[in-house]
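Accompanying notes for the structure given below.
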There are 2 protein chains.
Amino acid sequence: MAGKRKTGARQKIITEQALAMLAKHGLAAVNIAGLAQRVGLVPSGIYRHFKSKAEIVDAVLNLILERLTGFADAAAEAALDPIEQLRSLLQHHVAMLNDNPGIPSFVFAEAIFSTQSRRRANVRSIVESYLARVARIIERGQELGSIRSDVEPTAIAVMFLGLIQPLIILRQITEGEFDAKRQVETSWPLFVEMLKVRGP
Amino acid sequence: MAGKRKTGARQKIITEQALAMLAKHGLAAVNIAGLAQRVGLVPSGIYRHFKSKAEIVDAVLNLILERLTGFADAAAEAALDPIEQLRSLLQHHVAMLNDNPGIPSFVFAEAIFSTQSRRRANVRSIVESYLARVARIIERGQELGSIRSDVEPTAIAVMFLGLIQPLIILRQITEGEFDAKRQVETSWPLFVEMLKVRGP
DNA sequence: ATCAATTGTGAATTGAGATTCACATGCTAG
DNA sequence: CTAGCATGTGAATCTCAATTCACAATTGAT
């Protein structure tokens with residue numbers, strides 16, 4: 001028998017392992033048998049700690065929310081200059097890309113197709129919290145005068161997201177041939193130029 | 001009994017209906033029973049025309065490839081000015097967004113997780129063909145002098161993709177509250193500015 | 001018109017994965 | 001120390017969707 005753990009601790013382990021499976025191999029690869037094995041339990045054991053697989057997925061979603069907002073907050077504290085903060089955040093995402101291709105794909109797919117409205121609301125809060133934090137950084141940049149003020153912070157936040165999303169897909173699709181770092185080295189300066197420029 | 005059709009015609013119908021299901025409700029919603037019903041057959045009837053569901057999905061992928069490259073080519077012919085061509089293409093994607101949220105999510109998820117390498121290669125060709133066409137437009141813009149020449153066309157094509165991807169997720173996640181058209185009205189002029197600007 | 005190939009049907013079969021259940025074991029409060 | 005609860009186990013079971021199969025209807029070539 002695997003060592004016993006209190007349900008709180010077990011839930012944490014299960015959620016983390018589920019996230020790991022999801023991140024590496026996608027939602028389709030998250031199954032109870034495999035999850036149980038990673039956790040060091042037998043499939044039925046999982047059900048001592050979660051009522052259903054759906055409940056596990058919800059927990060994973062919450063974990064993703066925590067981590068993602070955590071990244072944004074960390075970036076906001078990593079530098080003084082807002083533009084530098086964004087750069088730091090972007091760089092962090094690029095670094096995560098290799099090991100965790102599943103997360104964005106999962107979040108987006110769930111956002112689009114989940115039939116349970118609780119789940120959809122959950123995903124929505126993830127994306128909106130994240131965008132709000134990015135927008136907040138941009139707003140501070142506008143206040144400090146380093147970012148043009150004639151554009152909504154939210155609109156810029158969405159464009160920032162647009163800097164990241166293509167990297168995710170291209171990195172995977174080309175099995176590593178696509179160089180995300182290199183792309184960012186081109187696109188980031190253009191993005192920054194855009195944030196400042198008010199005309200030629 | 002449903003009217004008989006030759007296998008070629010039936011395959012076309014099945015593929016189109018599968019794409020419609022996929023586009024509206026996601027890959028998870030594509031099942032043989034539902035597909036058969038849409039086509040006007042009984043589930044087993046599907047197997048007269050496809051060996052397996054996987055084969056159907058492959059056919060859908062090819063159909064997506066055709067349509068997507070078709071859009072890009074159409075856009076390239078819709079205007080003389082390359083920048084105007086890009087705008088036309090972007091606008092087309094925005095218009096498609098509402099009814100077909102499933103396609104991008106599917107393509108990206110397959111790109112990332114499909115275990116069959118044939119499938120992955122297929123997806124890769126979709127994305128690369130599309131990007132190549134966009135890059136081609138940009139290259140022509142550079143030749144004509146309307147787009148700055150100090151940046152790789154491909155890098156700009158990737159950024160163009162970044163203009164589109166966030167719209168897909170946000171539109172769906174907010175259940176229509178997010179106004180993609182409005183976002184594009186902000187982001188597109190900035191993008192164009194960026195294509196031209198060489199410094200303040 | 002006829003026969004062979006093609007296409008369609010409805011009823012099984014299969015398989016994979018989630019979930020349940022009866023029982024075993026370990027922990028903890030009293 | 002021991003009763004009772006929480007946690008773990010292994011063997012079913014349940015569910016759902018894909019797939020197969022034996023048989024029927026239709027079509028097209030001769």
Side-chain angles (χ1 to χ4, degrees), chain A residues 1-22 24-61 102 106 109-110 113-116 118-119, chain B residues 1-22 24-61 102 106 109-110 113-116 118-119:
Chain A
M1 180 190 281
K4 277 197 181 183
R5 310 265 182 136
K6 292 194 181 164
T7 251
R10 210 43 123 182
Q11 281 175 335
K12 195 180 168 201
I13 296 172
I14 291 171
T15 307
E16 279 165 357
Q17 289 302 317
L19 175 56
M21 292 173 82
L22 173 70
K24 271 244 172 79
H25 309 291
L27 180 60
V30 179
N31 60 327
I32 299 294
L35 179 56
Q37 193 173 356
R38 272 166 169 263
V39 171
L41 284 180
V42 96
S44 55
I46 299 287
Y47 290 87
R48 289 282 168 226
H49 311 289
F50 287 96
K51 214 185 92 199
S52 66
K53 183 179 172 180
E55 210 172 70
I56 297 174
V57 173
D58 285 336
V60 168
L61 224 33
F106 162 65
E110 283 301 305
F113 300 117
S114 180
T115 47
Q116 305 114 340
R118 185 185 72 266
R119 177 89 54 91
Chain B
M1 183 193 277
K4 275 198 181 183
R5 310 266 182 133
K6 291 194 182 164
T7 255
R10 214 34 130 184
Q11 282 174 334
K12 195 181 170 202
I13 295 172
I14 291 171
T15 307
E16 280 165 357
Q17 288 303 317
L19 175 57
M21 292 175 81
L22 173 70
K24 271 243 173 78
H25 309 292
L27 180 60
V30 178
N31 60 326
I32 299 293
L35 179 56
Q37 193 173 355
R38 273 168 168 264
V39 171
L41 284 181
V42 97
S44 56
I46 299 288
Y47 290 87
R48 289 283 169 228
H49 311 289
F50 287 97
K51 212 184 92 199
S52 67
K53 183 179 171 180
E55 210 173 71
I56 298 174
V57 173
D58 284 336
V60 168
L61 224 33
F106 162 64
E110 283 302 305
F113 300 117
S114 181
T115 46
Q116 305 113 337
R118 185 186 72 266
R119 177 89 54 92

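In what follows, chains carry the letters A, B, and so on, assigned in the order in which the sequence lines appear, proteins first and then strands, with residues in each chain numbered from 1.
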>> Each nucleotide in nucleotides 18-30 of chain C should get exactly one letter: B, S or -. Can you fill that in based on protein heavy atoms under 4.0 Å?
In response: SBBBB--BB----
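Summary of helix geometry: the two end axes of the helix from dA1(C)-dT30(D) to dG30(C)-dC1(D), each defined by five base pairs via their C1' atoms, are inclined to each other by 10° (rounded to 10°).
Rounded to an integer number of Å, the gap from His49(B) NE2 to dT19(D) C1' is 15 Å. The interatomic distance linking Ile46(A) (CD1) with dG17(C) (C1') rounds to 14 Å, in whole Å. Whole-Å rounding puts the Ile14(A) CD1 to dT7(D) C1' distance at 11 Å. Rounded to a whole Å, the CD atom of Gln37(B) is 16 Å from the P atom of dG8(C).
Distance check, rounded to the nearest 0.5 Å: OG1 of Thr15(A) to CG of Leu35(A) gives 8.5 Å. Between the CG atom of Leu19(A) and the CE atom of Met21(A) there is a distance of 11.5 Å, given to the nearest 0.5 Å.
Ile56(A) is listed as a side-chain neighbour of Ile32(A), based on a closest heavy-atom distance under 4.5 Å.
What you find for Val30(B) and Ala18(B) is that their closest heavy atoms are CG2-O, 4.1 Å.
In this structure, the nucleotide among dT7(C), dT9(D), dG10(C) sitting nearest to the side chain of Val42(A) is dT9(D).
Applying the side-chain hydrogen bond (donor to acceptor under 3.5 Å, both in side chains) definition to pairs two or more places apart or across chains, those involving residues 51-60 of chain B are Asp58(B)-Arg118(B), Asp58(B)-Arg119(B).
The shortest distance between the side-chain N/O atoms of Arg10(B) and the OP1/OP2 oxygens of dG8(C) is below 4.0 Å.
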Which side-chain N or O atoms in residues 36-50 of chain B pair as donor and acceptor under 3.5 Å with protein atoms at least two apart or in another chain?
{"unit_1": "Arg38(B)", "atom_1": "NH1", "unit_2": "Gln17(B)", "atom_2": "OE1", "d": "2.9"}
{"unit_1": "His49(B)", "atom_1": "ND1", "unit_2": "Thr7(B)", "atom_2": "OG1", "d": "2.7"}

